[in-house]
Amino acid sequence: MSVLQKNKSLKPYNTFSIDVTAKHFAEIFSEKDLVELLTSDLITEQELLVLGGGSNVLFIRDFEGLVIKISIPGISCVVEDNDAVIVTAGAGVVWNDFVTYCVQNGFAGVENLSLIPGTVGASPIQNIGAYGVEVKDVFSSCIAYEIATGTSRKFNFQDCKFGYRDSIFKNELKGKYIITSVSFILSKSARLNTQYGAIQDELKNRNILNPNISDISEVVSKIRVSKLPDPSTIGNAGSFFKNPVIDKVLFEKILDQFPDIVHFPVAHDRIKLAAGWLIEHCGFKGIIIGNTGTWKNQALVLVNHGQATGQEVYSFSEQIIDSVDAKFGVRLEREVNIL
Ligand code: FAD
Ligand code: EPU
């Protein structure tokens, strides 16, 4: 049984390093721990929050309920043939440890997702993505426990309703299930995804003509380190907002005024804009306001310069949303979960 702690500081449990307290806190290391917790009286009495690595959350107040920190370990190969392998990992496995395991064993599919912070269990929640790959591309299934009943259910690919930084776990089933393991289908023959300009440039710099998955993993890691702040030295939660997807009519109006706007077509009448570009063009890149601001190399990343409160970061994000709206007529949506 997991140990219940009271009035626990959450500062070490969120990458923004926001100093708030949880009324109750329990860390679970197995499905058995979780079932015991879910069937105890503690659950019915209070609000619950499931936490993995805390790398996609912003706490704006103390949490007056029970935080369940998921630390279920273990990686195993469950099915293998000549072409593919299914690997299952515990929800508490650090995502990048799982990527390293795959790269070292020659299992292709997640190398472009190297160095994304957080846990395996959170990876389907917002369908993590980077450099042309999303978790949905390798997702096979996951096991999740329903909080209301303490019973488990398997979710297949179709059940999860994945979208850009989205899944059923952020919508209809928000806060209802706890994922305990995820199974991924990986390929033994690499079909590499090198379409991103930054990946191609870095491969060229290294004179690599026929990259393998290990090369891609290294190159992606290098690009990420150059652009994104390391949460162990400067608090942040990665991209604070999603890249907005707008319709063509609005896009053409914006394009008339801002011909160099960074954009990517995602369907015949839908265009994705780079939120970082919009924020930079409102004059916010690298700005420091009190204890918060945006990162000098990536305006989409809001940071904690040391002593920021969640409220301070949140208010700054409101200011950014209003400025981008006033200038471009586009309202940014937060990617980070506000708690
Ligand atoms: P947490 O922050 O702990 O939780 C996130 C949400 O998932 C919460 O709502 C929580 O309740 C829920 N949750 C967590 N675990 C479970 C579970 N087992 N069962 C049910 N619900 C759960 N994201 C990307 O997609 N691409 C990137 O390139 C990327 N880069 C980043 C770079 C930096 C420097 C940082 C700090 C973050 C970045 N992120 C990126 C965001 C973050 O890494 C991902 O969202 C990650 O999946 C969060 O994992 P976590 O374990 O920290 O989740
Ligand atoms: N840009 C600017 N100014 C900025 C930042 C970006 O002009 O300050 C421009 C860049 O020049 C580039 C474009 O915006 O032309 C896109 O920038 P980048 O390649 O850095 O990617 P992004 O769209 O800002 C997205 C994800 C990241 C992911 C990278 C790589 C979202 C919300 N963010 O960022 O994910 O790592 O692509 O694929 O989709 C995250 O979700 O936390 C995250 C970091």
Side-chain angles (χ1 to χ4, degrees), residues 10 13-17 28 34 48-59 67-72 90-96 112-135 142-145 147 164-165 167 169-170 173-182 196-199 220 223-232 234-245 260-264 272-281 284-286 294-303 332-339:
L10 294 177
Y13 297 98
N14 72 97
T15 60
F16 248 121
S17 246
I28 61 125
L34 181 63
L48 286 188
L49 171 66
V50 182
L51 211 52
S55 62
N56 206 23
V57 294
L58 176 70
F59 286 103
V67 169
I68 305 179
K69 157 93 179 126
I70 307 294
S71 297
I72 301 173
V93 171
V94 170
W95 172 260
N96 197 51
N112 292 48
L113 304 178
S114 295
L115 228 57
I116 295 182
T119 55
V120 163
S123 66
I125 304 284
Q126 72 153 6
N127 178 27
I128 57 169
Y131 299 98
V133 174
E134 291 180 324
V135 109
C142 67
I143 303 293
Y145 281 74
I147 291 171
Y164 164 60
R165 296 293 189 274
S167 78
F169 302 108
K170 285 182 77 178
L173 300 187
K174 190 174 165 70
K176 292 193 163 36
Y177 279 86
I178 300 179
I179 294 174
T180 53
S181 67
V182 186
Y196 256 71
I199 295 185
V220 165
I223 298 167
R224 292 183 66 92
V225 169
S226 71
K227 281 193 180 176
L228 299 166
D230 176 356
S232 67
I234 184 146
N236 76 94
S239 301
F240 198 88
F241 304 98
K242 294 190 210 175
N243 285 325
V245 178
D260 58 344
I261 188 167
V262 175
H263 64 281
F264 314 90
K272 192 186 261 189
L273 303 180
W277 188 94
L278 300 173
I279 297 168
E280 180 174 347
H281 284 76
F284 286 115
K285 189 169 183 171
T294 60
W295 185 234
K296 57 184 189 309
N297 301 334
Q298 231 304 357
L300 190 46
V301 177
L302 270 55
V303 295
L332 295 178
E333 220 183 282
R334 293 179 185 87
E335 176 190 304
V336 170
N337 297 280
I338 309 298
L339 296 164

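The figures that follow rest on heavy atoms only: side chains count, while hydrogens, waters and symmetry mates do not. For ligands, and for the atoms within them, numbers begin at 1 and follow the listed sequence. Computed from a predicted model, the values in this text were never measured in an experiment.
Every atom of ligand 1 is numbered from 1 in the order shown, and the set under 4.0 Å from a heavy atom of Ala237 is 35 (C), 36 (C), 37 (C). Listed by atom number, the atoms of ligand 2 under 4.0 Å from Ala274 heavy atoms are 13 (C), 14 (O). The atoms of ligand 2 that sit less than 4.0 Å from any heavy atom of Phe241 are 32 (C). Listed by number with element, the atoms of ligand 2 under 4.0 Å from a non-hydrogen atom of Gly238 are 42 (O). Atoms of ligand 1 found under 4.0 Å from any heavy atom of Ile178 (numbered from 1 in listed order, with element): 19 (N), 20 (C). For ligand 1, the atoms lying closer than 4.0 Å to a non-hydrogen atom of Gly238 are 31 (C), 32 (C), 33 (C), 35 (C), 36 (C), 37 (C), 38 (C).
The presence of a protein heavy atom under 4.0 Å from atom 44 (C) of ligand 2 is confirmed. At a distance under 4.0 Å, no protein heavy atom can be found next to atom 10 (C) of ligand 2.
Nearest protein heavy-atom neighbour of atom 42 (O) of ligand 2: Ser239 N, 2.9 Å. The protein atom (non-hydrogen) at minimum distance from atom 40 (C) of ligand 1 is Ile116 CG2, 3.8 Å. Nearest protein heavy-atom neighbour of atom 23 (O) of ligand 2: Asn243 ND2, 2.8 Å. The protein heavy-atom contact nearest to atom 15 (N) of ligand 1 is Ala122 CB, 3.8 Å. From the protein, the heavy atom lying nearest to atom 16 (C) of ligand 1 is Val50 CG1, 3.6 Å. What sits closest to atom 48 (C) of ligand 1 on the protein, heavy atoms only, is Ser55 OG, 3.2 Å. The protein heavy atom nearest to atom 6 (C) of ligand 1 is Asn337 ND2, 3.6 Å. Taking atom 45 (O) of ligand 1 as the reference point, the nearest protein heavy-atom neighbour is Gln126 NE2, 2.9 Å.
Here Gln298 has heavy atoms under 4.0 Å from ligand 2 in both its backbone and its side chain.
Looking at Pro117, Gly54, Ala144, Ser239, it is Pro117 that brings a heavy atom closest to atom 43 (O) of ligand 1. Among Tyr164, Phe284, Tyr196, the residue whose heavy atom lies nearest to atom 31 (C) of ligand 2 is Tyr164. Nearest residue to atom 26 (N) of ligand 1 from Ala130, Gly129, Ser232 is Gly129 (criterion: closest heavy atom). By heavy-atom distance, the residue among Asn96, Val57, Thr15 lying nearest atom 4 (O) of ligand 1 is Val57. Between Lys227, Lys242, Arg165, it is Arg165 that holds the heavy atom closest to atom 28 (C) of ligand 2.
The shortest separation from a heavy atom of Glu134 to ligand 1 is not under 4.0 Å, leaving the residue out of contact. A heavy-atom separation below 4.0 Å is not found between His281 and ligand 2. Between Trp295 and ligand 2 there is no heavy-atom distance shorter than 4.0 Å. Using a 4.0 angstrom heavy-atom cutoff, Tyr177 counts as in contact with ligand 1.
Close N/O approach between Leu300 and ligand 2 is not found [any backbone or side-chain N/O within under 3.5 Å]. Considering backbone and side-chain atoms alike, Arg224 places an N or O below 3.5 Å from some N or O of ligand 1.
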